[in-house]
Q: 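Below is the structure I would like to discuss, written out as structure tokens.
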Amino acid sequence: MKKAPLGVAAIGYAFMGKAHSNAWRNVANFFDVPVFEQKVLVGRDATGVAEAAAKYGWAETATDWRSVIERDDIDIIDICAPGWMHAEIAIAALEAGKHVLVEKPLANTLAEAEAMTTAAAEARKRGVQSMSGFNYRRVPALALARELIAEGRLGTIRHIRAAYLQDWLSDSESPMTWRLRKETAGSGALGDIASHAIDQIQHLTGETVTEVTGTMRTFVTERPGPHGTEEVTVDDAAWATLGLTGKISASVEASRVATGQKNSLRIEIYGSTGSLTFNLENLNELMFLDSTVPVREQGFRRILVNEPDHPYMEAWWPQGHIIGWEHTFTHQIRDFLLAIRHGNDPVPSFEDGLQIQRVLAAIEESANNRSIISAVAVPVPAMTVGA
Ligand code: SOE
């Protein structure tokens, strides 16, 4: 690894740019990571990016990402820009020898994700690292869940339920954004949040999705745009059933119109000798049921994942002093920097991101081609009073 401080540039300063910038800003205060400098923040609007850079601790700004990728003092490119820009920036950066972290989903299309993965494989031969940003892998409670599953504490995993529900699009008058156009976002709830659920299902179990059925719906088909009404070209909600290796079945629900649900990611894992449940709204907690203890003692018990020997927790506060959503991005940067220091391949890799993209594409294909069996003709049994 290069000795001098690593030069970092982040591209994008909206929601994800802010979350990543915060992580770059505080990671070295808590973790022993290689020395780096927050050099450049890149954005298309010169005034907006200057304001963001001043707030988030970036030394300089630029409006053209290409000029930044060419710089010798930049070693890491963190891509927080919308999905339609991922492939072009990531491939150019990898070819220029920069380590790349890219927000999920990896790309908008399978073809883009494949091209990015090829570029990452080539770059890896030259010691250049790449990582796909599924930050929920770094929730300590979910990292603990993975450890418990790997240790066999749940026995054989049979099925999983995962639901990621939000409501920021419930109001039909909520305006158009890049997240609602297929050409800029790739898909809607599917790529944005079902991708997290799918990543968790595979990561927690160590198994791979091999088959899917999918359903997708756009409930609000038009929304106000800057120049009048615009058509929404992505899904508001998506559902899938998944078959995985290891004979595991899973269901996934994702919605951005689940009125009242702000950012609810719930995961339930059912095994032959135990179960785990997790709710992002209480992200410091993991519920564990061990069915090997006598039945009269059984029940879900709450593990407060705040002990120094829980994943990532030693670096933070004394026991019981809980952490939040933003810490997952700090953990992600920590793991990325340590992989660069040790020359290990960071995970999730672009290959992992591509595999999730394949699952997303399969769900979309299934949703578009599904054969619908009419339930209308199913006779409703007559109720007999007193029966
Ligand atoms: C980031 O991990 C992210 O997936 C965002 O991109 C989504 O929009 C957010 O709502 C959940 O978190």
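Throughout, numbering of the chain's residues begins at 1 and tracks the sequence. First listed ligand is number 1; within each ligand, the first listed atom is number 1. The figures here come from the full heavy-atom set of this structure, side chains too, leaving out hydrogens, waters and symmetry mates.
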Q: May I ask whether F134 places a heavy atom under 4.0 Å from ligand 1?
A: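 It does not; every heavy atom stays at 4.0 Å or beyond.
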Q: Pairing donors with acceptors under 3.5 angstrom, does anything connect the side chains of E103 and H20?
A: yes
Q: We want to know whether E326 and N22 form a side-chain donor-acceptor pair, criterion being a heavy-atom distance below 3.5 angstrom.
A: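 No pair is found: no donor N or O on one side chain lies under 3.5 Å from an acceptor on the other.
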Q: Could you check which of K104, Q166, K262, E103 puts a non-hydrogen atom nearest to atom 6 (O) of ligand 1?
A: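 Closest candidate by heavy-atom distance is K104.
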Q: So, E114 versus Q357: side-chain donor-acceptor pair below 3.5 Å or not?
A: no
Q: When you compare the side chains of S174 and D171, does any donor N or O come within less than 3.5 Å of an acceptor on the partner?
A: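 Note: S174 and D171 side chains miss the donor-acceptor criterion.
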Q: Scan side-chain atoms only and decide if N26 and T330 contain a donor-acceptor pair under the 3.5 Å cut-off.
A: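 N26 vs T330: donor-acceptor pair found between side chains.
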Q: Looking only at side-chain N and O atoms, does T213 offer a donor or acceptor that is under 3.5 Å from a partner on T241?
A: yes
Q: Indicate yes or no: does an N/O atom of R179 lie under 3.5 Å from an N/O atom of ligand 1?
A: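 Checking ligand 1 against R179, an N or O pair does fall under 3.5 Å apart.
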Q: Tell me, which protein residue and heavy-atom name are nearest atom 3 (C) of ligand 1, and how many Å apart are they?
A: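 Ranked first by proximity to atom 3 (C) of ligand 1 is H196 NE2, 3.5 Å.
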Q: Starting from atom 11 (C) of ligand 1, find the nearest protein heavy-atom neighbour and note its residue, name and distance.
A: Y164 OH, 3.2 Å
Q: Within the 4.0 Å heavy-atom shell around M16, which atoms of ligand 1 are there?
A: 1 (C), 5 (C)
Q: Using distance alone, with no hydrogens and no angle criterion, decide if D45 and T47 have a side-chain donor and acceptor under 3.5 Å apart.
A: no
Q: If we set the cut-off at 4.0 Å for heavy atoms, which region of D192 has an atom near ligand 1: side chain, backbone, both, or neither?
A: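 The answer is both, backbone and side chain.
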Q: Among all protein non-hydrogen atoms, which one is nearest to atom 2 (O) of ligand 1, and what is the separation to 0.1 Å?
A: N135 OD1, 2.6 Å
Q: List ligand 1 atoms under 4.0 Å from Y136, heavy atoms only on the residue side.
A: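 Listed by number with element: 11 (C), 12 (O).
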